[in-house]
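To keep things clear, I will list the structure first and then write my remarks on it.
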Amino acid sequence: RPRSTLRAWAQAEVASAEAPAALAAFFASVEGVQWLHRLVLALQFVITLRAGGGVRLVCECLELSGLSAFVGASYGSQQGLNAALEQAVVAIAAEQRTALAEAMAPRAVTVCEDETFHPAICLVALEPVSGFILLEQYAADRTAATWTQALSAACAGLPITIVQGTADEATALRRHIEGDYAAHHSPDLFHLQHEVAKATGLALARAAHAADAAVASAEAQLQQARAAEQAYRAQRHGPGRPPAFAQRIRDALATLGRASVARNQAQARRLEARTLIRALGEAYHPYDLERAAAQPPERLAARLAGIWQQLEGIARAADLPARARAHLAKAQRLSTALLATVTFFFATIEQRIEALNLTPDIEQAVLGQLIPALYIERVAARSTGAEARTRLHALRARVLAPLLEPDHPMQALDTDTRAHIEHVAGECADLLQRSSSAVEGRNGQLSLHHHGRHRLSDRKLAALTAVHNFHIRRADGTTAAERLFARAPPPLFEQVLARVPLPPRPRRRRPPGPKVSYLTPLAA
């Protein structure tokens, strides 16, 4: 820091005449300078890197709070401070990443990948268990070669092996994962369900609305027929046969009955389609969520076949158009990928557990009880309903209970061995990644930042990535970097405070000049 700046703070030269004397004295002290330094950098950090705001909001906050009497609040001064902040964040994140990678144990990981557009193409890839962003950068295109080159450069220096990629069915992403990395491609469950929703949602909704309109029309005709009969009987008439009001009312009642049946059928088909879409997600698990028993690919195939059969029945009954049936067929073709992913899951966990060289009884307990219980726990954490979470937690407790008995062979192992087995079992439970929703959420955050600034520079994007990986914490207090590297890095913001210089002092404000009247003649 320049000595002149420190001297200015120490001598309280920046205190404004409008500021209270006690406040000016506080900001002239060392503690006041440090507190002001932290506050201004915190405003910059939160507003520009966390909330998606701009530097002008920081300036306005300084003006409204009265801190502009002690720190420069002009756009130019705060813009320079913001640039220094972003540079420090990016540099600190790179240093922490290198230091953490050196002590990291080798890991096999899954990557979730997707692109977003600002409108420039931005490639985003993250490790879903930790939430650590491995890749987030702009690219000229989104071909498989570009993806592979970008991800390889982003993972350089990290002792990780990519064994699975979860993404949509884009050809480039499949070729990038399966061809260049020789890894397994896991389909995104959301895209499968979305195709089914596109096939059934709009068409069935239109049919239901049309059925509602038909019922309303039939009810109106019935009321009209009854009103006509009442109006006829309220008047005197001469000789002659009266209109056949009874037949008209019977016909209107029959029409209303048929319309009501059709409406009930349309509503039932719409509700059934929604239930079947949820059933696809409930079925796509390696373990039965009712009994925690292993669900091999054969059983999953049978469950999926039943769901597709019911959806096809709805399509025939509702006479869905060809475009809707095409969406349904596209979704059904992904069943093969779902079965392949479950097969990959069981084959991989068996290989990892065999590598532990456990006794047969303990190995069976790990495969048949420990891993299913940990998987159920993860499903419960992602469940939205309290009833479902309670049921799944109870199921997990019942499955784990035998392993906690004193006479179980697992309890004869030493503490370190049990901890290692639990760690490996947890990694096995995390292996099946059904969705790339974490990337979709990240893309939404980037869109908000881009919407507020209209353009994200490479430095800004790198700073946002660093904040996500090394600053944002989950409910358990861990950052993404801590979860990936299994070691907590120093707090990012505290390191920023040590590197970014003190904010500039405010310049002396000039009083505004007199207002010029353009219609008043000048004195001679």
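Keep in mind that the numbers below use all heavy atoms, side chains included, and drop hydrogens, waters and symmetry copies.
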Any side-chain donor paired with an acceptor under 3.5 Å for [X] and [Y]?
X	Y	result
His423	Glu427	yes
Glu169	His185	yes
Thr479	Arg473	no
Gln164	Gln433	no

**Request:** Check His285 against Gln295 and note the closest heavy-atom contact, atom names and distance.
**Result:**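 Heavy atoms only, the tightest pair is O-NE2, 2.5 Å.
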
**Request:** Can you see which heavy atom on Ala167 is nearest to which on Leu173, and at what distance?
**Result:**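 Nearest heavy atoms, Ala167 then Leu173: CB-CD1, 3.7 Å.
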
**Asked** When rounded to the nearest 0.5 angstrom, what distance separates CD1 in Ile277 from NE2 in His194?
**Response**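 One gets 10.5 Å once the value is rounded to the nearest 0.5 Å.
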
**Asked** Should we count CZ of Arg459 as having more than 12 external heavy atoms under 6.0 Å?
**Response**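 Yes, CZ of Arg459 has more than 12 neighbouring heavy atoms, counting only those of other groups under 6.0 Å.
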
**Request:** Take atom CD of Glu95 as the centre, draw a 6.0 Å sphere, and report whether it contains more than 12 heavy atoms from other residues, nucleotides or ligands.
**Result:**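 Counting neighbours around CD of Glu95, more than 12 heavy atoms of other residues, nucleotides or ligands fall under 6.0 Å, so yes.
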
**Message:** Run Lys460 and Glu86 through salt bridge (charged side-chain N to carboxylate O under 4.0 Å, His left out) and show every step you take.
**Reply:** CA-CA 7 Å; Lys460 182 72 172 182; Glu86 291 181 357; 3.5 Å; yes

**Item:** Side chain Glu127, main chain Val129, donor-acceptor under 3.5 Å
**Value:**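 Confirmed, Glu127 side chain pairs with Val129 backbone.
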
**Message:** I'd like to know if the side chain of Arg434 reaches the main chain of Tyr284, judged simply by a donor and an acceptor atom lying under 3.5 Å from each other, with no hydrogens or angles considered.
**Reply:**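 Flag set: sc Arg434 to bb Tyr284 pair under 3.5 Å.
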
**Item:** Cation-pi, Phe45 ring and Arg50 (6.0 angstrom, 45 degrees)
**Value:**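 No, Arg50 and Phe45 do not form such a contact.
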
**Centroid separation Tyr181 to His176 less than 6.0 Å** =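 Ring centres of His176 and Tyr181 closer than 6.0 Å.
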
**Request:** Check the angle between the aromatic planes of His184 and Phe344 and answer parallel, tilted or perpendicular using the 30° and 60° thresholds.
**Result:**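 The rings of His184 and Phe344 lie parallel, inter-plane angle below 30°.
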
**Request:** Please determine if Glu136 and Arg442 form a salt bridge, counting it only when a charged side-chain N lies under 4.0 Å from a carboxylate O.
**Result:**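 Yes, Glu136 and Arg442 are salt-bridged.
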
**Asked** Under 4.5 Å between any side-chain heavy atoms of Asn443 and Glu115, yes or no?
**Response**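 No, their side chains stay 4.5 Å or more apart.
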
**Request:** Would you check, one step at a time, whether the test salt bridge (charged side-chain N to carboxylate O under 4.0 Å, His left out) holds for Arg174 with Glu113?
**Result:** CA-CA 10 Å; Arg174 289 187 63 96; Glu113 299 174 323; over 6 Å; no

Under 3.5 Å donor-acceptor pairs involving side-chain atoms of residues 385-394, not counting sequence neighbours:
from, atom 1, to, atom 2, distance (Å)
Arg389, NH1, Ser383, O, 3.1
Arg389, NH1, Thr384, O, 3.1
Thr390, OG1, Ala386, O, 2.9
Arg391, NH1, Leu289, O, 2.9

